[in-house]
Amino acid sequence: TAAMFTSRALDGVQLCITAGPTREAIDPVRYISNHSSGKMGYALATAAADAGARVTLISGPTQLACPERVTRIDVISAQEMYDAALAQMGDCQIFIGCAAVADYRPVSTASQKIKKHEEAMHIELVRNPDIVSAVASHSQRPFTVGFAAETQDVLNYAKGKLERKGLDLIVANDVSNSDIGFNSDENEVLVVTPEQVIPIPQMGKNQLARQLLKVIADAFKA
Ligand code: CTP
Ligand code: CA
């Protein structure tokens, strides 16, 4: 089979990936979320399993089927994703934060459907915890990879996130171009480490995932 000819660059390595959006409940029937499809994270999970890794995929709500030989943990909110990710520490050698985590959640979730009243209404939001930052500062810290979704000044913002979050590597993604990235089948990225910047040109997300995994595996082993 094709798998026999694939390099087993991550044989036996425990790898954990977050993918997809999160949903932050406003009331029983409404939520705040984003357009992440989960495709990039699922493509990475597939590529990692093909490379021999033992893959746990912590997934927000997506339309995607769980890849073969991948263990999936389904979550809805950022807080649930945070708890699931931190529970993997100790059994995770490489962590890839690919999820589009909602930055804020409603201060409280109404227990009943909110009725409309005035012309304007306000929902107070609070910051969600940062999952990759918590992983990168954990006592059983894995090799930690983040993504950076930017619409401008991509490289500088990505470098800032790499440093602030204490990551080993960040994959910078220009989401201003709707043909690539978010909710699309193709992507092009810049891989940024403290030492170097490696551009990966536009290609399908599955092929890109395999190239990315190669770069991540090399950096993990170095
Ligand atoms: N991330 C996370 N937990 C959060 C927010 C983001 O783990 N609560 C992770 C994402 O999965 C990604 C990285 O942080 O790997 C960068 O996400 P991004 O949204 O680009 O950056 P933020 O730090 O949230 O900054 P901003 O949205 O303001 O650009
Ligand atoms: Ca964000």
Side-chain angles (χ1 to χ4, degrees), residues 15-25 31-45 48 55-62 73 75-89 92 94-107 125-138 141-177 180-184 187-194 200 205 208-209 212-213 215-216 219-220:
L15 193 143
C16 181
I17 304 177
T18 65
T22 66
R23 283 181 189 170
E24 312 301 320
Y31 56 81
I32 296 171
S33 192
N34 59 64
H35 289 296
S36 170
S37 64
K39 282 176 191 164
M40 194 66 234
Y42 277 60
L44 282 168
V55 183
T56 301
L57 179 61
I58 302 173
S59 178
T62 72
I73 300 173
V75 298
I76 309 274
S77 66
Q79 187 64 54
E80 285 173 15
M81 187 174 276
Y82 180 93
D83 293 343
L86 273 284
Q88 293 299 313
M89 295 300 100
C92 170
I94 301 177
F95 183 91
I96 305 178
C98 194
V101 185
D103 291 330
Y104 293 91
R105 67 176 181 277
V107 168
L125 305 177
V126 287
R127 277 269 287 274
N128 276 322
D130 193 298
I131 300 167
V132 281
S133 292
V135 166
S137 60
H138 195 272
R141 183 186 190 284
F143 184 88
T144 311
V145 176
F147 273 69
E150 310 293 350
T151 56
Q152 57 172 338
D153 213 359
V154 177
L155 186 55
N156 278 325
Y157 278 127
K159 282 179 173 166
K161 285 176 187 171
L162 179 76
E163 194 161 313
R164 228 175 18 256
K165 295 173 189 256
L167 307 177
D168 295 295
L169 185 154
I170 195 159
V171 183
N173 208 350
D174 186 341
V175 291
S176 65
N177 178 349
I180 57 169
F182 248 53
N183 208 8
S184 152
N187 206 354
E188 72 182 1
V189 299
L190 293 174
V191 179
V192 184
T193 74
I200 304 186
K205 282 186 176 174
L208 184 84
L212 259 179
L213 245 282
V215 176
I216 291 169
F220 168 67

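Just so you know, ligand 1 is whichever comes first in the structure, and atom 1 is the first atom listed for that ligand.
- Applying the 4.0 Å criterion to heavy atoms of A148 picks out, from ligand 1, the atoms 20 (O).
- A 4.5 Å side-chain heavy-atom check between T18 and V101 finds every atom pair outside the cut-off.
- Nearest residue to atom 14 (O) of ligand 1 from R127, R105, R164, K165 is K165 (criterion: closest heavy atom).
- Taking only non-hydrogen atoms, the option from I131, I96, V132 nearest to atom 9 (C) of ligand 1 is V132.
- Polar contact with ligand 1: absent for N128 (N/O pair, distance under 3.5 Å).
- Across all their heavy atoms, A149 and K161 have their closest contact at O-NZ, 3.8 Å.
- At a 4.0 Å heavy-atom cut-off, ligand 1 touches P129 through the backbone alone.
- Numbered from 1 in the order shown, with element, the atoms of ligand 1 that lie under 4.0 Å from a heavy atom of G146 read 15 (O).
- Looking at atom 18 (P) of ligand 1, its nearest protein heavy atom turns out to be K161 NZ, 3.4 Å.
- For F220, the CZ atom sits in a packed shell: over 12 heavy atoms of surrounding residues, nucleotides or ligands are nearer than 6.0 Å.
- Below 4.0 Å from some heavy atom of A99 lie the following atoms of ligand 1, by number and element: 10 (C), 11 (O).
- Checking side-chain atoms of N187 against main-chain N and O of M40 turns up no donor-acceptor pair under 3.5 Å.
- With respect to the salt-bridge test (charged N to carboxylate O, under 4.0 angstrom), the residues D168 and R141 qualify.
- Side-chain contact check for S77 and Y31: no donor-acceptor pair (N or O, by modelled atom type) lies under 3.5 Å.
- Using a 4.0 Å cutoff on heavy atoms, T18 does not count as a contact of ligand 1.
- Of all atoms in ligand 1, listed by their number and element, those nearer than 4.0 Å to a heavy atom of G97 are 11 (O), 12 (C), 15 (O).
- Here the NZ atom belonging to K165 is positioned 12.0 Å from the OG1 atom belonging to T144, to the nearest 0.5 angstrom.
- Interatomic distance, L167 CG to S133 OG, rounded to the nearest 0.5 Å: 6.5 Å.
- The single protein non-hydrogen atom nearest to atom 12 (C) of ligand 1 is F147 O, 3.0 Å, given as residue, atom name and distance.
- Proximity of A149 to ligand 1 is established by a heavy-atom distance of less than 4.0 Å.
- By the 3.5 Å distance cut-off applied to N or O atoms, D103 is counted among the residues near ligand 1.
- Separation of atoms OH (Y82) and CG (N128) is listed at 11.0 Å; rounding is to 0.5 Å.
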